[in-house]
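Report on the following structure.
Numbers for residues simply follow the sequence, beginning at 1.
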Amino acid sequence: MDTESQNTNTPRRGRQDFASRIRNTKKTRWIRFSLVSVIFFAWVAWLGNWWVALCWLLLFDIYITGYIPLTWWQKSKSAVVRSVMSWVDAIVYALVLVYFVFAFIGQNYEIPSSSLEKSLLVGDYLWVNKMAYGPRVPNTPIHFPLVQHTIPIIDTKSYIEWPQWDYHRLKGFGKVERGDIVVFNFPAGDTVATKMQTMADYYTLVRHFGREVVNSSKNQFGEIIYRPVDRRENYVKRALGLPGEVFEIIDGVIHINGEPLPQPKNQQFNYWVQMPDGAPMLPADFERLGVSVDDRYVINPAPEDIQSWRSLGFAAGNPGQTIYYMPMTRAMVEMARSEFNATVVRVPAQREVEGYLFPAGVADSWTRADYATKLSTTLGNGKNFRGIWIPKKGGKIKLTPLTWAIYNRCIRNYEGHFDARLEGDTVYIDNKPAREYTFAMDYYYMIGDNRDNSLDSRYWGFVPEDHIVGKPMIILASFDKDKGWLDGKLRTNRILRRANPEEDR
């Protein structure tokens with residue numbers, strides 16, 4: 001057969017082979033392919049990117065034509081190969097399914113700290129609904145779906161940095177509302193000192209030690225790495241400041257646009273507590289109050305402070321007169337006073353160790369309980385306000401050294417003007433002097449219910465909309481780390497409860 005005849009017959013044989021594969025496909029497989037295709041195109045329409053529809057050709061080959069030999073192992077003569085590959089096939093299928101569920105529907109989340117007690121307890125496992133506010137298209141689409149950023153044991157990144165997709169949120173059921181408990185990526189977690197990430201964020205370390213020291217001392221601080229938005233640590237707080245609002249705290253009460261908000265039922269502050277005659281509290285007393293082991297501390301008054309303690313009503317100065325320091329709700333305070341006859345005094349904010357409040361340099365005289373009350377700034381429309389203005393999409397600010405100190409991180413780190421800078425009294429954006437700035441995203445102020453023990457927006461600032469992950473819906477299970485398995489470790493009364501008890505009020 002000459003070359004011309006071979007070239008003519010090759011396409012013909014290809015068409016015949018294709019037709020044969022179509023004819024030999026079982027009816028049940030066509031039905032499965034049709035169902036998968038409907039789901040796939042519905043997902044593509046939701047995604048809003050029709051280029052992804054080209055992947056349908058891969059589905060067609062997997063279910064119908066089979067040109068790509070993905071099931072080669074089924075024809076292997078080796079029983080070991082068939083057995084091993086059947087498990088590999090099942091695991092890969094499960095991981096792909098988990099990837100899509102976790103990325104676009106929801107995922108589980110564990111409460112690691114007490115910042116939202118008593119709404120959510122340490123050891124609560126939540127189901128977080130990502131469709132509540134609309135799921136984000138992953139910034140890092142190639143990642144292992146079961147870990148956030150680091151694969152345990154081998155201690156390596158769980159994601160590949162390329163490709164990275166721009167922020168895009170799919171249509172959801174609603175928007176973030178005041179009082180919602182929200183899971184979000186930690187905004188200050190973009191840069192990480194790997195040896196210190198469980199102790200303090202990179203920017204706090206820089207303010208304390210200096211940037212040059214942190215960046216150069218690898219033995220102490222570890223490698224300095226950058227994480228994409230969706231690979232940053234997950235945090236959970238309550239949304240209390242919404243885009244375009246003015247936020248301030250006066251004596252522990254949050255004010256929005258100058259008006260006080262109703263205080264949540266589960267809001268906690270730190271208190272000094274003492275039983276009658278300074279007797280020690282028993283483990284049963286702490287359990288009745290609902291104070292965990294990690295949240296109770298013993299105060300040992302210094303001799304020179306004895307009179308100050310006595311003036312507050314505490315028995316102090318003699319051995320065995322114990323004073324405790326603990327977070328409590330209004331109901332807990334009432335119980336301690338009425339049932340235990342305890343002396344209970346709220347710890348003044350000025351006595352607390354503040355650390356570093358946001359914004360750096362502006363908040364030096366603020367406290368957690370009196371926050372932004374001394375701040376006065378002007379918006380782009382000339383309106384003056386007292387408090388800290390939360391940026392909203394399309395909102396404008398005048399650019400001054402003060403507003404630069406407050407909003408420069410939003411402008412540079414969150415909205416991508418990485419070369420923006422302040423020179424003298426002039427702000428430069430994209431290498432041009434700018435008198436005002438228009439925000440491209442909405443922002444939020446996220447606060448913990450455990451007000452004196454919460455690392456929240458008072459310390460690291462605004463949460464951009466592209467960091468929002470989802471809304472906790474239910475508590476799947478809850479485990480008390482202070483108890484054993486035979487002593488009530490599983491909190492059965494919390495299983496399948498709503499994650500936000502404030503919504504029941």
Side-chain angles (χ1 to χ4, degrees), residues 109-116 122 139-140 147-150 155 157-159 161 182-239 241 294 352-364 366-368 371-372 388 390-391 405-416 418 443-448 450-469:
Y109 176 82
E110 179 189 1
I111 297 296
S113 71
S114 62
S115 66
L116 274 171
V122 174
N139 300 112
T140 51
V147 292
Q148 179 62 14
H149 50 67
T150 304
D155 195 31
K157 289 189 300 185
S158 63
Y159 58 93
E161 294 179 341
V182 180
V183 173
F184 56 92
N185 296 118
F186 181 37
D190 56 350
T191 307
V192 177
T194 53
K195 286 188 177 181
M196 303 290 286
Q197 55 187 312
T198 60
M199 301 177 64
D201 66 84
Y202 170 79
Y203 299 99
T204 298
L205 294 173
V206 167
R207 290 173 68 179
H208 187 75
F209 296 100
R211 189 177 303 275
E212 183 176 347
V213 172
V214 174
N215 288 352
S216 61
S217 305
K218 291 186 179 181
N219 290 336
Q220 180 179 0
F221 299 101
E223 295 287 339
I224 308 302
I225 62 173
Y226 173 84
R227 285 181 180 151
V229 171
D230 60 343
R231 297 298 104 199
R232 296 168 192 174
E233 294 287 356
N234 288 321
Y235 270 38
V236 58
K237 308 290 179 189
R238 192 180 296 276
D294 288 346
E352 299 283 11
V353 178
E354 292 298 345
Y356 295 102
L357 293 177
F358 170 85
V362 177
D364 293 346
W366 302 356
T367 69
R368 288 191 297 261
Y371 181 88
I388 192 163
I390 304 171
I406 299 171
Y407 301 107
N408 75 85
R409 184 165 173 78
C410 297
I411 296 170
R412 292 186 298 106
N413 296 59
Y414 304 148
E415 304 206 346
F418 299 109
Y443 292 79
Y444 301 85
Y445 240 53
M446 304 289 188
I447 306 294
N450 195 354
R451 292 292 164 79
D452 293 333
N453 301 282
S454 175
L455 183 66
D456 52 35
S457 284
R458 292 170 294 179
Y459 290 88
W460 34 256
F462 310 104
V463 177
E465 65 175 72
D466 67 343
H467 283 57
I468 301 294
V469 174

For Met446, is there any backbone N or O sitting under 3.5 Å from a side-chain donor or acceptor partner on Ser457?
yes
Could you check Ile224, Val214, Thr191 and say which one makes a side chain to side chain contact (heavy atoms under 4.5 Å, CB included) with Leu205?
Val214
For Val122, is there any backbone N or O sitting under 3.5 Å from a side-chain donor or acceptor partner on Glu110?
no
Residues forming a salt bridge (Lys or Arg N to Asp or Glu O under 4.0 Å) with Arg238, sequence neighbours excluded:
Asp449
Under 3.5 Å donor-acceptor, Ser115 side chain and Gly448 backbone
no
Parallel, tilted or perpendicular: rings of Phe186 and Trp460 (30°, 60°)
perpendicular
Residues at least two apart in sequence or cross-chain that pass ring-ring contact (aromatic ring centres under 6.0 Å, His included) with Phe221, listed by chain then number, are Phe209
From Gln148 CD over to Arg231 CZ, what is the distance, rounded to the nearest 0.5 angstrom?
5.0 Å
Nearest non-hydrogen partners of Val147 and Thr150, listed with the distance:
CB-O, 3.8 Å
Taking all atoms of both residues into account, what is the closest heavy-atom pair of Phe184 and Ile468, and its distance?
CB-CA, 4.1 Å
Between the CD1 atom in Ile225 and the NE2 atom in His149, the distance rounded to the nearest 0.5 Å is 8.0 Å
Are any side-chain N or O atoms of Tyr414 and backbone N or O atoms of Tyr443, one a donor and one an acceptor, separated by less than 3.5 Å?
no
Under 3.5 Å, side chain of Asn185 to main-chain N/O of Val469, donor-acceptor pair present?
no
Only residue of Arg409, Arg227, Arg232 satisfying side chain to side chain donor-acceptor pair (under 3.5 Å) with Asp190 is Arg409
Between the side chains of Asn215 and Arg211, does any donor sit under 3.5 Å from an acceptor?
no
If you round to the nearest 0.5 Å, how far is CG of Asn453 from CG of Leu116?
12.0 Å
Can Leu357 and Tyr459 be said to form a side chain to side chain contact (heavy atoms under 4.5 Å, CB included), step by step?
CA-CA 4 Å; Leu357 293 177; Tyr459 290 88; 3.6 Å; yes
Can you check side chain to side chain contact (heavy atoms under 4.5 Å, CB included) on Leu455 and Tyr235, steps first, answer last?
CA-CA 10 Å; Leu455 183 66; Tyr235 270 38; 3.8 Å; yes
CG/Asp456 to CZ/Arg368 distance, rounded to the nearest 0.5 angstrom?
9.0 Å
Evaluate His467 against Tyr444 for side chain to side chain donor-acceptor pair (under 3.5 Å), listing each step before the verdict.
CA-CA 10 Å; His467 283 57; Tyr444 301 85; over 6 Å; no
Rounded to the nearest 0.5 Å, what's the gap from CG on Asp466 to CG on Asp230? Could you check?
10.0 Å
Roughly how far apart are Trp366 CH2 and Ile388 CD1, rounded to 0.5 Å?
5.0 Å
Does Asn450 offer a backbone N or O that forms a donor-acceptor pair with the side chain of Ser454 under 3.5 Å?
no
What are the two closest heavy atoms between Ser217 and Val213, and how far apart are they?
OG-O, 2.8 Å
Partners passing ring-ring contact (aromatic ring centres under 6.0 Å, His included) against Phe462 (at least two apart in sequence or in another chain)
Phe358, Tyr407, Tyr445
Taking everything shown except Lys218 itself, do over 12 heavy atoms lie less than 6.0 Å from its NZ?
no
